[in-house]
Each structure stands twice: as structure tokens, then as C-alpha cells.
> 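Handing you a structure now.
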Protein chains: 2
Amino acid sequence: MSITYREVKADLLRQITQGELAPGSSMPNEVDLAASYGCARATVNRAMRELADDGIIERRRKAGTRVRLNPIRQVRLNIPIVGQEIEELGAAYRYALVHGQAEPAPNWLRARMALKRDDRVLHLTCMHYADGAPYQHEDRWINLDALPEAEQHDFSDIGPNEWLVSTVPFTEAQISFHAVQADATIADYLDCTEGDALFQAERMTWLEGQTITFVQLTYRRGHRLTMQY
Amino acid sequence: MSITYREVKADLLRQITQGELAPGSSMPNEVDLAASYGCARATVNRAMRELADDGIIERRRKAGTRVRLNPIRQVRLNIPIVGQEIEELGAAYRYALVHGQAEPAPNWLRARMALKRDDRVLHLTCMHYADGAPYQHEDRWINLDALPEAEQHDFSDIGPNEWLVSTVPFTEAQISFHAVQADATIADYLDCTEGDALFQAERMTWLEGQTITFVQLTYRRGHRLTMQY
DNA sequence: TTACGCCTTATGTCTATATCTTTTGAGAAA
DNA sequence: TTTCTCAAAAGATATAGACATAAGGCGTAA
């Protein structure tokens, strides 16, 4: 077969990184590139589309394609289920339900999850262990108005995250990462000192506009979220 | 025109999210789908390729395409330059160089950056302010063996990050996020209390296998990294 | 000078067809 | 029964040609 779109992409990227195509400069159009590579325009198109997708180049109809002055640095972050995360570390995963209770939503949560006045929530507290040591503390609230079957479900064996993923798999979500100081309770659960700086993720999940769940995931001391790009 | 790949993608996604195509079930092959949508196979291919890219479906040659049991949750994280980050918040950006000195690499850094015995580094300490308030503390080391021109450069007006991006734009990098406790120095810079939990990013950057720079970015108290998916 | 509108151009997308590659599963051989 | 080999299936990708769409820029009118 003739030249592949991967080869075209690699060659263009080489020209860019080696300075043959300077940042800010405009590139030849697809027709000319196709001619010079001796391939079809669609092949060049796919190569350039992916480079644009990677944030290396910028494309505009009629204006043409140019090398970005400041390439967009982006990473793809996979959000794993904690059990998988731990098993990928090569550690044994254990889950424990600490506490589970249906209750009226407290005011701060009502506001945060945009719940109605009388909505009830299922409040779950769980722990996730890697090789017996505390790994993550999970504090979760599930909107019982949106997901009444959660109240009947027994969360002592499988975690709420896994249950939710299999029950309402295709949801919208917002995730945020930040640092928190361990309070006495969390310090106890995660076997660290009160006041320790801990990495925490918060996630809110919606299905068709309705808030399904809000969760705070607090990681053991020293946890890092690492990515390549 | 006939049906677009976006419409095919949207329709397939609708079928998946509404349960017409259950998680784990296999989808019709490209030829059949193209026939049923009344479009070319390439159109269906692009739609399905993007769905696979989004982690919704799983494709394997000969085995066919199936809806993922556990859809991969992934987000794209843009790594902005701090100045842009602050200006996008609608705040005024100010940069200050606190300290800059060329020195032999300390042992811990030599190990971390994989430097040779006698390599020297440029150690820069900078502050980034949003509307006059401390936003981010930057502690950076630049490998002078790889980038000798850094020693001659004056970093009092533009930050090292911006200079590096314009000098060696296309690099490989690893970034990691975690939580740290503020020590006395950082607390002073970021106007917080010693012991406060702070969000920190560490980034190591390579160009063609050679370590260029290592940086620790410590954010003001309460900083959050937020993403939608 | 300024504003509007058309023309041209580069990218975006679709079609129809063909070939390549990977992988599964069936059948043959041990 | 187990292992090996091979053909078929399905996705991956290439091609040539066509039309769609956005937008830069020029010409004309106000």
C-alpha cells in the first residue's frame, strides 16, 4: 500500500518539532501536501485533523492551517473505578461499607445537588483498602428521588460506584481535585495524622439534567495523580 | 446532503444511553449499519471510531463492535500557562521573579532529573499573582547542560514557563498532582497558614530524551482543578 | 471612508470501492 | 484431546471524485 496517514502525521510532526515548520507559520494546503506525499487528500486530511485534535496545529477554513504558536498541552485522564485502580497497582483490593442511611438532604447538599425541598438522599460512607492498608475514603450521597432503587440495594459487598456504573452507566459528570486537611475522623480512617494534607476528588453526576450522586473521595496520604503527555 | 457522521454518532449514542443497545451487547457491523442509515460505510466508520475513541464502545477486528460494559470515563485536561489561567478567571495577572541562581544540581535533583555528575542547573523561584493576591508559587530547575542559553536569559519580566514554551515548544512531559502541607516559607509566599493543605503540581519535561526542566507549582489555598465529562 | 455582498479558496464531509491487517474459529494434524 | 494452520470476517485505511460550508478579501455602493 501507499503512504499511511500515520506516516504523514509523523512526518509533519517531525517537521514541526525539528523547526522546519516554525510555530506560527502556515502549512501548505491539503491538496499540495497530498501531491507532495503522493497520496490522496483524505489521507493528508486525517493526519492534519489528528494533529489539530492534539493541539499542535490550528485549522480554519479558507484561512488554512498553521502551526500553533503555543501548542496546547493536554492530557487524557482516565477516571478508573477505585477497585480497578488498586488492582492495577498490583495490590489486593478490599471494600468495606462503613455506614449507610437514607435521610433528608442537609441544606448544603440540597443547594449543591440542586435538590427539591423534601428530597431524600442515601448517605453512604465506605472505605477502600489496598493490600489491607487504607487507600481511599468515600463519602457519597445518592439522590433517592432520581434513583429510588438505591434505597433497597445492599451495598455491603459491592461499592456504590460499581453499582451506579452498572445501573446508570451513561451519565454526565463534573470532577474536581483539590487538597484538604485531614480532620480527626478522616485521619482515623486513613491511618494518618490529623492535619495531614490529603488529595481529594469530588464528583457530581447527572443523568439527563437530574443530579444522581455527589461523592467525595479522599485518598491516603501521599497519593499522586500522574499523567504523561 | 445525506446523513452526516455526526448524526449517525448521535443516533448510536442515543440508542446506547437509552438502553436500546445494552452494555455488553454487540452492535451491527459497519456494512449493515451503513445500509440501515442509507449512507456510506466510511460515514458509519467515522461515527463508530469516535465513539470508540470516547470510550463508549469497544471495537475489535473480526470480533466486531460492542457497547462497553463499563464505559471508560475520561476527561481531557488542558494544561494552561499560569498567566492564561489567571486571565481566563478574569483577574489581572502579575509575575515576579523571587530568586534565580545557577548552581550545581543537588543530589536529590540529579537523581530525579537523571543528570550527570557535574551538570549545573538554573534554580528559579517565582510568584504568580491574580488581582494582586498570591496565586501560585513556582519552584523550577532548568538543566543548563541541555539549555545553556537559559543562564543568559533575564527572567524578571516573563516567566520561565512562557520562555520555555517559546524556546522549546514541543516537548514530552509528565505531570503529577498531589497535596502538600505548607511549610513556613510557602505559607509566607502564598499568604496562608503553616500546615495548610495545598494543591501542588509537579512537572518534568524532556526533549528527545534529555531532561529539560523540573518544576513544582504550588497553588494558593483552596485551589481546585475542575473538569467536565 | 465604511458597509455590504459576492467570489474564491481551504477545509469539512460524503460516496463508492478497494486493499490491508488482525483475529477468531473451524478443521486438520499430532 | 490438544495444538497447529488457514480461511473468513470485520474493522482499518487508501483512493478519486464530488459537494458543502465557512470565511477572507475584494469590489461596489452608500
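Within every chain, numbering begins at 1; the chains are lettered A, B, ... in the order of the sequence lines, protein sequences first and strands thereafter. The model shown is predicted, which means the values in this text are computed figures rather than measured ones.
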> Which of the following nucleotides, dT13(D), dG11(D), dT11(C), is nearest to the side chain of R59(B)?
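Of dT13(D), dG11(D), dT11(C), dG11(D) is nearest to the side chain of R59(B).
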
> Could you tell me if the side chain of D53(A) sits less than 4.5 Å from the side chain of R76(B), heavy atoms only?
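In contact.
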
> Using a cut-off of under 3.5 Å, enumerate the N/O to N/O pairs linking the protein to nucleotides 22-25 of chain D.
residue, atom, partner, partner atom, Å
dA22(D), O4', R61(A), NH1, 3.2
dG24(D), OP1, R60(A), NH2, 2.9

> Do H153(B) and I158(B) make a side-chain contact, defined as non-hydrogen atoms from C-beta onward lying under 4.5 Å apart?
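In contact.
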
> What residues, two or more places apart in sequence or in another chain, satisfy salt bridge (Lys or Arg N to Asp or Glu O under 4.0 Å) together with D54(B)?
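For D54(B) the salt bridge (Lys or Arg N to Asp or Glu O under 4.0 Å) partners, ignoring immediate neighbours, are K9(B).
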
> Between R46(A) and dT13(D), does any side-chain N or O lie under 4.0 Å from OP1 or OP2?
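Answer yes for this pair, as a side-chain N or O of R46(A) is under 4.0 Å from OP1 or OP2.
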
> Write out all pairs satisfying ring-ring contact (aromatic ring centres under 6.0 Å, His included) with one or both partners inside residues 55-98 of chain A, taking only residues at least two apart or from two chains.
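Non-adjacent pairs meeting ring-ring contact (aromatic ring centres under 6.0 Å, His included): Y93(A)-H128(A), Y95(A)-H128(A).
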
> Return the value, rounded to whole Å, for the distance between atom CD of E50(A) and atom C1' of dG12(C).
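The answer, rounded to whole Å, is 15 Å.
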
> Any sub-3.5 Å donor-acceptor pair from N143(B)'s side-chain atoms to T211(B)'s backbone N or O?
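Yes, N143(B) side chain to T211(B) backbone: donor-acceptor pair under 3.5 Å.
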
> Among pairs that include at least one residue of residues 146-155 of chain B, which meet salt bridge (charged side-chain N to carboxylate O under 4.0 Å, His left out), considering only residues two or more places apart or in two chains?
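The answer is R120(B)-E151(B).
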
> Do V82(A) and N161(A) come within less than 4.5 Å of each other through their side chains, counting heavy atoms only?
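V82(A) does not reach N161(A) side chain to side chain.
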
> Enumerate all atom pairs, one protein N or O and one N or O from nucleotides 15-17 of chain C, separated by less than 3.5 Å.
residue, atom, partner, partner atom, Å
dT15(C), OP1, S2(B), OG, 2.7
dT15(C), OP2, A40(B), N, 2.7
dT15(C), OP2, T43(B), OG1, 2.6

> Look at the side-chain N and O atoms of R49(B) and state whether any lies under 4.0 Å from the OP1 or OP2 oxygen of dA12(D).
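Looking at the OP1 and OP2 atoms of dA12(D), neither is under 4.0 Å from any side-chain N or O of R49(B).
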
> Could you tell me how far apart N45(A) (CG) and dC14(C) (P) are, to the nearest whole angstrom?
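It works out to 11 Å between those atoms.
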
> Looking at side-chain heavy atoms only, is the closest gap between P160(A) and E138(A) below 4.5 Å?
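The answer is yes, as the side chains (C-beta and beyond) meet within the 4.5 Å cut-off.
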
> Hey, could you give me the CG/CE distance between D119(A) and M113(A), rounded to the nearest 0.5 Å?
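Spacing of CG (D119(A)) from CE (M113(A)) equals 9.0 Å.
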
> Between C1' on dT13(D) and NZ on K9(A), what's the gap in Å once rounded to a whole number?
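Atom NZ in K9(A) sits about 15 Å away from atom C1' in dT13(D).
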
> Rounded to whole Å, please give me the gap between CZ in R6(A) and P in dT21(C).
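Spelled out: CZ on R6(A) to P on dT21(C) is 12 Å.
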
> Distance alone, cut at 3.5 Å: any donor-acceptor contact between the side chains of T171(B) and R73(A)?
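Side chains of T171(B) and R73(A): pair found under 3.5 Å.
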
> Tell me the interatomic distance from E58(A), atom CD, to dT11(C), atom P, rounded to whole angstroms.
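Checked: the CD to P distance equals 13 Å.
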
> Which of residues 23-31 of chain B sit near DNA chain D, with a heavy atom under 4.0 Å from it?
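By residue number: N29(B), E30(B).
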
> Grab the OH-C1' distance between Y5(A) and dT21(C) for me, whole Å please.
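In whole Å, dT21(C) C1' lies 13 Å from Y5(A) OH.
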
> Angle class for the Y135(B)/H223(B) ring planes (parallel below 30°, perpendicular above 60°, tilted otherwise)?
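Correct class here is perpendicular.
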
